[in-house]
Amino acid sequence: MRKWKIALGTAVALGAISVASVHLLDMGNLSLNAGTAGAAPAPAAFVMPVPVANVVKKTIPIYLDYAARTEPIRSITLQARVPGYLQEQTAQDGADVRQGDLLYRISPDDFQASLDQAKAQVERDTATLDYARSNLGRGTELAKSGYLDKDSFDQRTSTLREAQASLALNQAAVRTAELNLSYAEIHAPFAGRLGRNQASVGTLVSVAGTVLNTLVQLDPIYVTFNPSETDLAQIEEARAAGPIEVEVLLPGETEAHQKGELTFIDNTIDHSTGTITARATIGNAKFTLLPGQYVRVRLHVKQQPDALMVPQVALGSSQLGKYLYVVGKGNTVDQRLVSLGPTSGDMVAILSGVAEGDQVITGNLQKIGPGMPISPLPQKPAT
């Protein structure tokens, strides 16, 4: 009896499981059919928007670029021309002075006394000369009338000449004393900037032995550089056409704020370096440049017409060289290998690989590749 109940319970359980399985299978089929019937269409492929720029044709300046160093046109050591005690420094260290400005004063007392003495001697000799001239005049009349012998007349003549010579000698002594007195004041021989004082007030200075200071001219200023011998022919050709403009760029600058002119090319090439020394004269009214600075110079040697220009940001690099992404047929990416020419601001000249009117891609370069579909963005008008 017990075995029969167990067998009956097992049969009932198996039947229930079979019914549940069939029900779940039917529900799954219904759900699958319902999902298939209501599915949306697949979305369209994403097209990358990219900024573009036209290849333009323009005339650009051609420059030769060199490292350079500034040098003063004039730089002197200030020294005394007369000995004495330094009485005063009238211009401060590092001051910008004009030509003729008083810089130092040496005690003038000794020189003033010498001048006064020389002037007194001139006055004495003048009086002596006047008497000798009058005496000779009287002697001339007496000699004509026979009251003065020839020897006495010759003595009076000699006395006059001695007085004239003595006067001339002391007049020269006056000029010497005046010069020495003027040398007690040291003036700027040209406009420039003083350096650090090297003789304190009260120092006993000697002639051309005691250094007082240095003075350098800052405006204009020289910029010296060394073109290679391969560039020399191009520079000489440009010089034959007229003066060569030179631009100076300080470290960190991208635009030149000071300009000048090429004024000197040496007559010998350095055989050890293959370069030649050249120099430009640069206006420096604001004293932006100081002697000894390292700068860069650009020589404007000619104009290049009809250059094909593109933004430098559009350039890419690969193992094959420089390339540009260009908008191709059907708004797809076309990769062009290019050769580069000179730059002008943020533009670069393209010697081969593109044509005027082509549209180069200037942005999203890392997200695109050859053949990809793109959507060129409208170009902004130039400001």
Side-chain angles (χ1 to χ4, degrees), residues 51-68 223-265 269 274-283 295-318 320-327 334-363 365 379-383:
V52 296
N54 287 331
V55 177
V56 296
K57 184 180 290 186
K58 60 187 297 187
T59 299
I60 61 171
I62 302 300
Y63 294 99
L64 297 177
D65 197 345
Y66 303 101
V223 177
T224 303
F225 54 98
N226 299 96
S228 66
E229 57 183 323
T230 56
D231 292 341
L232 186 57
Q234 192 172 0
I235 294 174
E236 291 294 355
E237 181 180 354
R239 287 183 75 189
I244 298 180
E245 183 184 70
V246 179
E247 298 179 352
V248 178
L249 291 88
L250 294 172
E253 285 186 345
T254 57
E255 293 293 332
H257 297 93
Q258 289 166 288
K259 297 181 180 180
E261 182 181 327
L262 180 66
T263 54
F264 169 76
I265 294 181
I269 293 176
T275 61
I276 191 169
T277 300
R279 187 173 66 203
T281 304
I282 307 297
V295 295
R296 295 201 67 81
V297 295
R298 295 192 306 187
L299 276 64
H300 183 196
V301 293
K302 64 179 179 179
Q303 296 285 109
Q304 179 175 328
D306 300 332
L308 299 177
M309 307 297 295
V310 301
Q312 295 190 48
V313 295
L315 288 173
S317 297
S318 68
L320 299 178
K322 296 291 184 179
Y323 65 85
L324 291 170
Y325 283 143
V326 180
V327 178
D334 185 12
Q335 186 180 33
R336 307 270 185 89
L337 293 176
V338 295
S339 56
L340 305 181
T343 60
S344 177
D346 58 354
M347 306 285 283
V348 59
I350 304 299
L351 302 181
S352 63
V354 294
E356 184 181 7
D358 284 345
Q359 288 187 319
V360 297
I361 301 172
T362 60
L365 301 180
Q379 298 185 54
K380 295 181 180 179
T383 58

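Worth knowing before you read on, the calculation uses all heavy atoms, side chains too, and leaves out hydrogens, waters and symmetry mates. Quick caveat, the model's predicted, so the values are computed rather than measured.
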**Prompt:** For the residue pair His300 and Tyr63, does the interplanar ring angle fall in the parallel (under 30°), tilted (30 to 60°) or perpendicular (over 60°) class?
**Reply:**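 Rings of His300 and Tyr63: tilted, as their planes differ by 30° to 60°.
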**Message:** Taking Gly353's backbone N and O only, do any of them form a donor-acceptor pair with Arg336's side chain (distance below 3.5 Å, no angle check)?
**Reply:**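 Pair found, side chain donor or acceptor close to backbone of Gly353.
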Between [X] and [Y], which heavy-atom pair has the shortest distance, and what is it?
X      : Y      : value
Val326 : Val354 : CG2-CG1, 4.2 Å
Val360 : Ala314 : CG2-CB, 4.3 Å
Ile265 : Leu262 : CD1-CD2, 4.0 Å
Gly283 : Gln258 : O-NE2, 3.7 Å
Leu308 : Ala355 : CD1-CA, 4.3 Å
Ser344 : Ile60  : CB-CG2, 4.2 Å

Distance in Å, [X] [atom1] paired with [Y] [atom2], rounded so as to fall on 0.5 Å steps:
X      : Y      : atom1 : atom2 : answer
Met309 : Thr343 : CE    : OG1   : 7.5 Å
Tyr325 : Gln335 : OH    : CD    : 5.0 Å
Gln312 : Asp346 : CD    : CG    : 7.0 Å

Between [X] and [Y], is any pair of side-chain heavy atoms under 4.5 Å apart?
X      : Y      : value
Pro227 : Ile276 : yes
Asp358 : Asn54  : no
Asp231 : Tyr66  : yes
Leu315 : Leu340 : yes
Glu245 : Lys259 : yes
Val56  : Met347 : yes
Thr254 : Leu249 : no
Arg298 : Val248 : no

**Prompt:** Just wondering, more than 12 heavy atoms not from Gln303 lying within 6.0 Å of its CD?
**Reply:**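 Yes, enclosed.
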**Asked** Around Glu237, counting heavy atoms of other residues, nucleotides and ligands shown, do more than 12 lie under 6.0 Å from its CD?
**Response**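 Not more than 12 within 6.0 Å, no.
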**Request:** Could you walk me through whether Ser228 and Thr275 pass side-chain hydrogen bond (donor to acceptor under 3.5 Å, both in side chains), step by step?
**Result:** CA-CA 4 Å; Ser228 66; Thr275 61; over 6 Å; no
**Request:** Just do the side chain to side chain contact (heavy atoms under 4.5 Å, CB included) check on Val327 and Asp334 with the steps written out, would you?
**Result:** CA-CA 6 Å; Val327 178; Asp334 185 12; over 6 Å; no
**Request:** Could you walk me through whether Leu299 and Ile235 pass the side chain to side chain contact (heavy atoms under 4.5 Å, CB included) test, one step at a time?
**Result:** CA-CA 8 Å; Leu299 276 64; Ile235 294 174; 4.1 Å; yes
**Message:** Any carboxylate oxygen within less than 4.0 angstrom of a Lys/Arg side-chain nitrogen, looking at Asp306 and Lys58?
**Reply:**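 Not counted as a salt bridge, because no side-chain N and carboxylate O are separated by less than 4.0 Å.
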